[in-house]
Protein chains: 4
Amino acid sequence: MSPRIVNKQAKKEAIIQKATEVISAKGIYSFKMSDVADAADVGKGTLYEYFKDKEELVTACYVYFLDSFIDIADSVDLKNSARANLRSYISVLFKHFSKNIDSVHIAFDFWSQALQSSDNRQYVKLMTKAYNDFVAVLIRIIKDGIKKGEFRAIDVEKYAAAIVGMLDGILFQGVMGINDITDAKWPRVISNMILNGLSKTG
Amino acid sequence: MSPRIVNKQAKKEAIIQKATEVISAKGIYSFKMSDVADAADVGKGTLYEYFKDKEELVTACYVYFLDSFIDIADSVDLKNSARANLRSYISVLFKHFSKNIDSVHIAFDFWSQALQSSDNRQYVKLMTKAYNDFVAVLIRIIKDGIKKGEFRAIDVEKYAAAIVGMLDGILFQGVMGINDITDAKWPRVISNMILNGLSKTG
Amino acid sequence: MSPRIVNKQAKKEAIIQKATEVISAKGIYSFKMSDVADAADVGKGTLYEYFKDKEELVTACYVYFLDSFIDIADSVDLKNSARANLRSYISVLFKHFSKNIDSVHIAFDFWSQALQSSDNRQYVKLMTKAYNDFVAVLIRIIKDGIKKGEFRAIDVEKYAAAIVGMLDGILFQGVMGINDITDAKWPRVISNMILNGLSKTG
Amino acid sequence: MSPRIVNKQAKKEAIIQKATEVISAKGIYSFKMSDVADAADVGKGTLYEYFKDKEELVTACYVYFLDSFIDIADSVDLKNSARANLRSYISVLFKHFSKNIDSVHIAFDFWSQALQSSDNRQYVKLMTKAYNDFVAVLIRIIKDGIKKGEFRAIDVEKYAAAIVGMLDGILFQGVMGINDITDAKWPRVISNMILNGLSKTG
DNA sequence: TATGAATGAGCCTTCATTCAT
DNA sequence: AATGAATGAAGGCTCATTCAT
């Protein structure tokens, strides 16, 4: 009665993972559906069983990528000193990105695509949300530090944005091969820099 | 007696400027040669009189864009205190980018394209050079500050990279519409943050 | 003991009926096998248990459609006056088509397909036979009328063809929405026109 | 200054003519753009210089076909007796169609396509207009005949529609190979039939 | 027997590039 | 030197058909 039994969800994820590799390697604009089909070892037509069109596949890859960050934001708590919390957060981020440098490729691609107006508002929305999640965690940590008397009362929003921007920028340099983000010294250097900027006593 | 005296170099630059507008608006991957021809008010075939192919046109636009930064790097001197020099540099950068937010679009596009391996090594090289120019200026300022006893002796290279990354990241947020980089408070906030991180006395 | 007794012939007919609906709605060139599978509430693969390929399914639908006309031709007899017989035949046809305007759609579709040479000789044959059946009935009635002295001795074949053509044309106009073939006046108008053309006394 | 000088309108017409042949031969649903490109001896891309997409090419062919009828309708006047005018009109039509039997193919294809709902309303409109033009001419002739006392006062609209339907139907039979519309006897037979139906004296 | 997931041939359409004028 | 008509390679997507279950 029933033909080939397939876990469609699992297969969809498998395709997404292969597609992410392909997009990371060839670029969001240059990769071909046939590249993905080959990488995932399925026929071209099969891709369209799981994704309406190329764009839907790309979006799925991006969402899948964003989902991988949820855990990081959730892993932060405010039990310890604000200084320790911030060091911990920075450290976790560097570890995560060091391990997933490939998927960062695709993120920059998405953001680049998001820059082109009108059509890609959805990308912007998704990306903005991810960005805000990062910023929100930092804001929580910094405000907690101010409340605890560890940090000076600075412009929290701008500081948080600047910190995320800095991490983003360093990550970008890593992707570009300008510096080596797997260098274990990074978290300490960056944390120090931020904490010095925040310290009451300097 | 010559039937039509045309300054080929001037016309080439005119095309580059129009092409830059087109690329900024449509994106480095989506713009068409015909878009450029229309914008520059020349025939499609004419473009090929000035540029071997699409890639050469794109590269020319990127180089033209990079050249616009040379002045900024050159404008920095070390006559004043390191703190003042750094504030001045940050301030100049924000002013420049606020005025040329459109051309930043294209930079991110180039960098995104540069991420795709093999073929685009040239872009990476060009971009790396531009990045290094920025970093070099900061390194000069910071080292000068250390020598003058204004700054602590920190990991200069990483600090400089982090600062450029931060500026890059904030700029990116501006392009994405996440924050407003024309806000006049940015230079002071960022300068303070950096200087606090560098200060001996805090 | 047999696990599932299925009347294959009945199921085949059920599929044909659903397929006819689908073809009528979507058009002979635009309908998809999956449309039929959905409409008939069977799997796509199942269709191929009953029909070798799409073409065989289409042909089966057409034959099924043609069969519905056999009764009409058979219902005609020559007991009454030729004038009455012709009026009766015209009237029956209009009633039949008024009730089955939907299936006329499919007929025109078949004919349209039949127009494409080479491959579809079979359609032409089937259609020609149906056409000839209609014409034959008219020829019988007219010849009967001539024999009975009611009609003039005209070119029977051409007259019959013209009459069928006229009915066909009016039907087509009805399908196209140009006129309303359910208007009860049609049979009388058409019969009068034909009979005036055939009358000895005018 | 100016490249290849081409009469774009003439070339467009040439493509339309070749496309009409192709569509007539292969069918409106089965022909491929590459068929047309081959027939017109141009590259596939060239077709898209003249027509936005396949549908626009098809529509252009149809409109071109319809335009060929305008002259016929215009050629009718009411100077002579209504009987003579009608004979003349019928005769002109048969001559025209005999010469252009190929383009009739495409007309039936259009009409068939027009039958499929929603999307093809434009075809229906174009076709309805053409149909009405034919009917209008007949109505003029018949009304003129009634006024002149040559014809009986019958339901003019239905008569006219029936006559056009008849011509349409016979034409269809011709296209289908069921009868030979180039047979010179047709105009006389049909005219007689119609005139007998219209005559006061029979 | 029934199914629907998988497939890939095939077709429309785009666009960088060429070249006759 | 300048042009834009012409081109065809390339790639996204559809859908009839197959076949493992």
Side-chain angles (χ1 to χ4, degrees), chain A residues 1-8 11 30-37 40-57, chain B residues 2-6 8 11 30-38 40-57, chain C residues 2-6 8 11 30-38 40-57, chain D residues 1-8 11-12 29-37 40-57:
Chain A
M1 213 44 125
S2 183
R4 232 167 296 195
I5 290 157
V6 177
N7 183 337
K8 292 206 90 173
K11 185 154 187 179
S30 307
F31 87 96
K32 291 168 250 164
M33 288 303 267
S34 58
D35 293 333
V36 175
D41 203 33
V42 298
K44 265 182 299 164
T46 306
L47 297 179
Y48 291 86
E49 294 286 322
Y50 292 87
F51 307 94
K52 189 172 74 54
D53 53 19
K54 197 183 185 185
E55 183 173 343
E56 194 173 292
L57 171 61
Chain B
S2 49
R4 190 188 293 219
I5 296 165
V6 180
K8 288 209 75 169
K11 186 157 186 180
S30 305
F31 87 96
K32 295 172 230 164
M33 289 300 267
S34 60
D35 293 332
V36 175
D38 291 347
D41 203 33
V42 298
K44 266 182 296 168
T46 307
L47 297 179
Y48 290 84
E49 296 290 325
Y50 294 87
F51 307 95
K52 189 170 77 52
D53 52 21
K54 195 184 188 185
E55 184 172 344
E56 195 174 291
L57 171 61
Chain C
S2 48
R4 191 188 293 220
I5 296 168
V6 180
K8 289 209 73 170
K11 185 156 184 180
S30 306
F31 87 96
K32 296 172 232 167
M33 289 302 267
S34 60
D35 293 332
V36 175
D38 291 347
D41 204 32
V42 299
K44 265 182 299 168
T46 308
L47 297 179
Y48 290 84
E49 297 289 327
Y50 293 87
F51 307 94
K52 186 170 78 52
D53 54 19
K54 195 184 187 185
E55 184 173 344
E56 195 174 289
L57 170 61
Chain D
M1 211 49 123
S2 183
R4 233 166 295 195
I5 289 157
V6 178
N7 184 336
K8 292 207 88 172
K11 185 154 187 181
K12 187 169 187 174
Y29 278 104
S30 306
F31 86 96
K32 290 167 250 165
M33 289 302 267
S34 59
D35 294 333
V36 176
D41 202 33
V42 299
K44 265 182 298 163
T46 305
L47 298 179
Y48 291 85
E49 294 286 324
Y50 293 87
F51 306 95
K52 190 173 72 56
D53 54 18
K54 196 182 186 186
E55 183 172 346
E56 194 173 291
L57 171 60

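Below, chains carry the letters A, B, ... as their sequence lines are ordered, and counting in each starts from 1. Any value given below was found using the heavy atoms of this structure, including those in side chains, with hydrogens, waters and symmetry copies removed.
Scanning all heavy atoms of the two residues, the minimum distance from C:L57 to C:M33 falls at CD2-SD, 4.0 Å. Smallest separation of non-hydrogen atoms from A:Y48 and A:D53: CE2-CA, 4.0 Å. The two residues C:K11 and C:Y50 come nearest to each other via the heavy atoms CD-OH, 3.1 Å. Nearest heavy atoms, A:F51 versus A:E56: CA-OE2, 3.6 Å.
When distances are taken from the side chain of B:Y50 to each of F:dA16, F:dG12, F:dA2, the shortest belongs to F:dA2. The nucleotide whose nearest atom lies closest to any side-chain atom of A:Y48 is, among F:dC13, E:dT7, E:dA16, F:dC13. Distance from the side chain of B:T46 is smallest for F:dA2 among the nucleotides F:dA6, E:dT17, F:dA2. Of the candidate nucleotides E:dT13, F:dC13, F:dA5, F:dC13 has the atom lying nearest to any side-chain atom of A:K54. The side chain of A:K32 has F:dG11 as its nearest neighbour among F:dC15, F:dG11, E:dC11.
Computed from C1' positions of five pairs at each end, the angle between the two local axes of the helix from E:dA2-F:dT21 to E:dT21-F:dA2 equals 10°, rounded to 10 degrees.
Checking A:F31 against D:G45, the closest nucleotide of DNA chain F that is more toward the 5' end is the one next to D:G45. The 5' end of DNA chain E is approached more closely, in terms of each residue's nearest nucleotide, by D:D53 than by the other of B:S34 and D:D53. Residue-to-nucleotide proximity on DNA chain E shows that, of B:M33 and B:E49, the 5′-proximal contact is made by B:M33. Between D:V42 and B:G43, the residue whose closest nucleotide on DNA chain F is further toward the 5' end is B:G43.
One interatomic measurement links the two molecules: CG of A:N7 to P of E:dG4, which rounds to 17 Å at whole-angstrom precision. F:dA5 atom P lies 15 Å from atom CZ of D:F51, rounded to whole Å. E:dA5 atom C1' lies 15 Å from atom CG of A:D41, rounded to whole Å. In this structure, A:L47 atom CG and F:dG11 atom P are separated by 15 Å, rounded to whole Å. One can place CG of C:D38 at 11 Å from C1' of E:dG4, the figure rounded to the nearest angstrom. As a whole-Å value, the separation of A:E56 CD from F:dG12 P is 16 Å.
With a 6.0 Å radius and a threshold of 12 heavy atoms from other residues, nucleotides or ligands, A:K52 has its NZ atom at or below the threshold.
Within 4.0 Å of A:K44, counting heavy atoms only, lies at least one base atom of the nucleic acid.
Taking only side-chain nitrogens and oxygens, A:K52 never comes nearer than 4.0 Å to OP1 or OP2 of F:dC13.
Using a 4.5 Å heavy-atom cutoff, the side chains of A:E49 and A:V42 are not in contact.
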